Visitor: 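This is the structure, below, for whatever I ask next.
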Amino acid sequence: MAVLQKDKLKERLLENYSDELDHSGVSGERMASRLSLLSEIGVTTDGGSCRIGFSTEERQAKELVKSWMQEAGLVVREDEAGNIIAVFAGIHPNEPVVLSGSHLDSVPNGGHFDGPLGVLCALEVAEAWKESGYQPHRSYEMIIFSDEEGARFNGGLTGSQAFTGELKMEQQLKLRDGEGKPFEQVVREYGLAANRFLDAKRDITEIAAFIEVHIEQGKVLENKDVPVGVVTGIAGPKWIKFSFKGSADHAGNTPMYDRKDALVASSWFVYELSGIPKEVSPTAVATAGKVEVFPNGINVIPGQAAVYVDMRDISEESVATLSEKIIQKAQEAAQLHGIAVEYNETLDVAPVPIQTEMQHLLLRAAEEMKLTPVLLPSGAAHDTMVLARYVPAAMLFVRSQGGISHHPDEWTTLDDCVQAVHVLKKAIESLVSR
C-alpha cells in the first residue's frame, strides 16, 4: 500500500457509504473526515500508523482531537498521565458520570482504526447531541487514554492504569525504551512529570459506567455478516518464559544419538502447544510468539533455547488450567529429549468478565437500531479491562475486514463505523437519562 495522500482515507470511506445512516445528528462524513485527518499523523511508508505512546505523533493526535472537542463546546482537560477528558455537562453535574473513549497511540506500523474509532465514536455522540439539542440528565465524559498499546516500553494500558490508581510507579520508573531512554525522561519530553502520574487517579465513585467501542481485530463478525458484536469478557494475558537447557556441542563431531539439542526439544514443545487450548475451553488460546536460541551458530548444536508463550482465556480458572497443562507439556518435552527446562512467569493479567447487565444494555441498543449483534469474547487487552475492575463497563466490537489488525491494511467500513455510533449513542442515552 502506498503512503496515504491527503484525504485518501476519507474518499475510500465515503465511496460506498449509505447516506440513510446519517440521522439523529450523526454524520458519516464528519467521521470519515476525522479518521482521515488522524491517519495523516505518523503515517508510515506502508500507509500505516506509527504513533507510539508518549511520542510527538501521539501528542499531535491528541491535540487535534482536543480541538474538535473544544469546537463542540466541551470542557476539556488533561490529567497528570496525559489522558484527555472532555465533559458534556448534564442537568445534574454532581451525579456520577458516564464515560466513553479509547486511545490514539498505535503499534509501530499499525492501522487507522484501532483506538481512534472508539475515540471518534464517543465524540460523535456529543456532536449529535449538540446538533439535536439533547441535554443529558447526568454528565457525559469522553476520554483518550495514553499509551494503551505499550509499544514503547513493552507494557501498555498506562493511562487507564494511572486513571484507576493501578499503575505501579516503582516498576514504571525502571522502564527504558528502545533507545535506552528512561520512562521519566520520555514523559518529561512529552510534557508530563513522572512524579505526578499517580495524581491522575480518579475517584471511582464519580463514574457510573464506561463503554468502549473498538474494532474486533478478528473474523467472527465478518463470518457471521454482522456489523457489531457485544463483548462477554476480556481475556487476560499470561506470559511464561520456558528455558530449555541442553549441551552446545560441535555440529559435525557429535553423533545424532548423543546430542542434547535444546532447540529440538523446544520445537517439539511448540508443535504440541497448539493442541492444548482446545482441551481447556473454546475461547482459550496459546501462542509461542518469541524464540531465542543460544549460541545461535550455524555449526553449533543449540545448547539453550527460550520459548515465550502467551496464553489467554476469559476466566481465571481456565487460564490456570491452561497454564498447568502447558507447563506439563514443557516438562514432557525436556524429559523426552534428555535435557532440563525451567520456567518463569513474566506477566499475569487477570481476565475480566463483562457484567450481564452491561451486555444487555448494548444488546438492547443494537436491537433498537434493527441490528442483531453476536456475543463474543475479546482475546486482546483493552483499557476496558482496567476500568471494568472498578465500574460497570462494556465493549462494543465493530467488524474488521479480513480480521486484519495492527497492520496498514486494517479496515472497517464507514457503514459499520456509523452503525456503531448509533448503538453507542442509544446505550449512552439510556445511562445518562437514569
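If you read the sequence from its start, that first residue is 1, and numbering goes on from there. Worth knowing before you read on, the calculation uses all heavy atoms, side chains too, and leaves out hydrogens, waters and symmetry mates. Bear in mind that the values here come from a model prediction, so they are computed numbers and not experimental data.
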Visitor: Could you tell me if the side chain of Asp310 sits less than 4.5 Å from the side chain of Lys290, heavy atoms only?
Guide: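 With C-beta onward as the side chain, the pair stays apart.
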
Visitor: Give me the atom names and distance for the closest heavy-atom approach of Pro136 to Val432.
Guide: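 It is CB-CG2, 3.6 Å.
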
Visitor: So that I can tick it off, tell me whether Arg59 and Glu78 are bridged by a salt bridge, with the cut-off set at under 4.0 angstrom between side-chain N and carboxylate O.
Guide: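 Salt bridge between Glu78 and Arg59, a charged N being under 4.0 Å from a carboxylate O: yes.
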
Visitor: Between the side chains of Lys201 and Glu166, is the shortest nitrogen-to-carboxylate-oxygen separation below 4.0 Å, so that they form an ion pair?
Guide: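 No, Glu166 and Lys201 are not salt-bridged.
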
Visitor: So does Glu141 pair up with Arg202, basic N to acidic O under 4.0 Å?
Guide: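 Looking at Glu141 and Arg202, the cut-off is met.
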
Visitor: Does a side-chain heavy-atom distance below 4.5 Å link His112 with Leu35?
Guide: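 Of all side-chain heavy-atom pairs linking Leu35 with His112, none is under 4.5 Å.
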
Visitor: Counting only heavy atoms from other residues, nucleotides and ligands, does the tally under 6.0 Å from CD of Glu279 exceed 12?
Guide: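 Correct, the count exceeds 12.
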
Visitor: Going by the angle between their ring planes, with limits at 30° and 60°, are His23 and His422 parallel, tilted or perpendicular?
Guide: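 Correct class here is parallel.
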
Visitor: Please check if atom CD in Glu20 has more than 12 non-hydrogen atoms from other residues, nucleotides or ligands closer than 6.0 Å.
Guide: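 Counting other residues, nucleotides and ligands, CD of Glu20 exceeds 12 neighbours.
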
Visitor: How about Trp268: does its CH2 atom have over 12 heavy atoms from other parts shown lying under 6.0 Å from it?
Guide: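 Check passes, neighbour count above 12.
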
Visitor: Looking at Trp68, is Arg30 sitting on its ring face, NZ or CZ under 6.0 Å from the six-membered ring centre and within 45 degrees of the normal?
Guide: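 No, a cation-pi geometry is absent between Arg30 and Trp68.
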
Visitor: Heavy-atom distance under 4.5 Å between the side chains of Met69 and Ile84, does that happen here?
Guide: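 Contact flag for Met69/Ile84 side chains = yes.
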
Visitor: Quick one: closest heavy-atom pair of Ile52 and Ala151, and the distance?
Guide: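 Heavy-atom minimum between the residues: CG2-CB, 3.9 Å.
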
Visitor: Applying side chain to side chain contact (heavy atoms under 4.5 Å, CB included), run through Leu375 and Leu363 and close with a yes or a no.
Guide: CA-CA 9 Å; Leu375 293 168; Leu363 289 170; 4.1 Å; yes

Visitor: If the test is side chain to side chain contact (heavy atoms under 4.5 Å, CB included), which one of Asp313, Val349, Ile314 qualifies with Val319?
Guide: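 Exactly one option meets the side chain to side chain contact (heavy atoms under 4.5 Å, CB included) with Val319, and it is Asp313.
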
Visitor: Kindly compute the distance separating NE2 (His382) from CG (Leu387), expressed to the nearest 0.5 Å.
Guide: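 Going from the NE2 atom of His382 to the CG atom of Leu387 covers 13.0 Å.
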
Visitor: Begin with the C-alpha distance, continue with both residues' side-chain angles, and end with the deciding distance and a verdict on side chain to side chain contact (heavy atoms under 4.5 Å, CB included) for Ile211 and Leu361.
Guide: CA-CA 10 Å; Ile211 302 178; Leu361 174 74; 4.1 Å; yes

Visitor: Below 4.0 angstrom, N of the basic side chain to O of the carboxylate: do Lys425 and Glu429 qualify?
Guide: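 Between Glu429 and Lys425 there is a salt bridge, with a charged N closer than 4.0 Å to a carboxylate O.
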
Visitor: Any idea which heavy atoms bring Phe88 and Lys130 closest together, and the distance?
Guide: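 Heavy atoms of Phe88 and Lys130 come nearest at CE1-N, 4.3 Å.
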
Visitor: May I ask you to decide whether Arg34 forms a salt bridge with Glu127, counting only side-chain N to carboxylate O separations under 4.0 Å?
Guide: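 Looking at Arg34 and Glu127, the cut-off is met.
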
Visitor: Go through it in stages, so that I can follow the logic: the residues are Phe183 and Phe197, the test is side chain to side chain contact (heavy atoms under 4.5 Å, CB included), and I'd like the CA-CA distance, side-chain angles, deciding distance and then a yes or no.
Guide: CA-CA 12 Å; Phe183 177 80; Phe197 256 61; 3.8 Å; yes

Visitor: Could you check whether any side-chain N or O of Ser243 sits under 3.5 Å from a backbone N or O of Ala306, counting only pairs where one atom can act as donor and the other as acceptor?
Guide: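 Looks like no, no N/O pair under 3.5 Å.
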
Visitor: Would you kindly say whether Ser400 and Glu216 are connected by a side-chain donor-acceptor distance under 3.5 Å?
Guide: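 There is no such pair (donor and acceptor under 3.5 Å, judged by atom type) between the side chains of Ser400 and Glu216.
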
Visitor: List the atom of Glu184, the atom of Ala194, and the distance in Å for their closest heavy-atom pair.
Guide: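 What the structure gives for the nearest pair is CG-CB, 3.9 Å.
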
Visitor: Tell me every residue that passes ring-ring contact (aromatic ring centres under 6.0 Å, His included) with Tyr17, counting only those two or more places apart in sequence or in another chain.
Guide: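 Expected list: none.
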
Visitor: Would one find more than 12 heavy atoms of other residues, nucleotides or ligands at under 6.0 Å from atom CZ of Arg196?
Guide: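 Count not over threshold, so no.
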
Visitor: Drop me the distance from Leu9's CG to Leu13's CG, to the nearest 0.5 angstrom.
Guide: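 It is 4.5 Å, given to the nearest 0.5 Å.
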
Visitor: Is it the case that the side chain of Ser146 and the backbone of Ala81 share a donor-acceptor pair, with hydrogens and angles ignored and the cut-off at 3.5 Å?
Guide: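 Indeed, once roles are kept as given, a pair shorter than 3.5 Å links the two residues.
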
Visitor: Can you name the nearest heavy-atom pair linking Cys121 to Met31, along with the distance?
Guide: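 Looking at all heavy atoms of both residues, the shortest contact is SG-CE, 4.1 Å.
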
Visitor: What closest approach, in Å, do Ile240 and Met311 show between heavy atoms, and which atom pair accounts for it?
Guide: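 Heavy atoms only, the tightest pair is CD1-CE, 3.7 Å.
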
Visitor: Would you say that Arg12 contacts Lys8 through its side chain, given a criterion of any heavy-atom pair below 4.5 Å between the two side chains?
Guide: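 A side-chain contact under 4.5 Å is absent here.
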
Visitor: Angle between ring planes, Trp129 versus Tyr134, binned at 30° and 60°: parallel, tilted or perpendicular?
Guide: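 Because their plane-to-plane angle lies in the 30° to 60° range, the rings of Trp129 and Tyr134 count as tilted.
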
Visitor: In Å and rounded to the nearest 0.5 Å, what is the OG to CE distance from Ser378 to Met385?
Guide: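 Reported to 0.5 Å precision, the distance equals 8.0 Å.
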
Visitor: Does this structure show an ion pair linking Lys66 with Glu63, if we count only N-O contacts that are shorter than 4.0 Å?
Guide: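 Yes, this pair counts.
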
Visitor: Would you mind reporting whether Tyr343 and Glu345 have side-chain heavy atoms less than 4.5 Å apart?
Guide: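 Heavy-atom side-chain distance check fails, nothing below 4.5 Å.
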
Visitor: Looking at OG of Ser27 and CG of Asp19, how far apart are the two atoms once the value is rounded to the nearest 0.5 Å?
Guide: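 That separation rounds to 10.0 Å.
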
Visitor: Take Thr158 and Phe54, measure what side chain to side chain contact (heavy atoms under 4.5 Å, CB included) needs, and give me the verdict at the end.
Guide: CA-CA 10 Å; Thr158 308; Phe54 303 117; 4.1 Å; yes

Visitor: Please check this pair: side chain of Arg138 against backbone of Val98, looking for a donor-acceptor N/O pair closer than 3.5 Å.
Guide: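 The answer is no, because no donor-acceptor pair under 3.5 Å joins these two groups.
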
Visitor: Do Asp147 and His103 pass the side-chain hydrogen bond (donor to acceptor under 3.5 Å, both in side chains) test, and can you show the C-alpha distance, the side-chain angles, and the key distance before you say yes or no?
Guide: CA-CA 7 Å; Asp147 187 39; His103 62 97; over 6 Å; no

Visitor: Using the six-membered ring wherever Trp is involved, compare the ring planes of Phe163 and Phe145 and label them parallel, tilted or perpendicular (cut-offs 30° and 60°).
Guide: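 Rings of Phe163 and Phe145: perpendicular, over 60°.
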
Visitor: When you check the gap from the basic side-chain N to the acidic O, do Arg399 and Asp225 get nearer than 4.0 Å?
Guide: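 Between Asp225 and Arg399 there is a salt bridge, with a charged N closer than 4.0 Å to a carboxylate O.
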
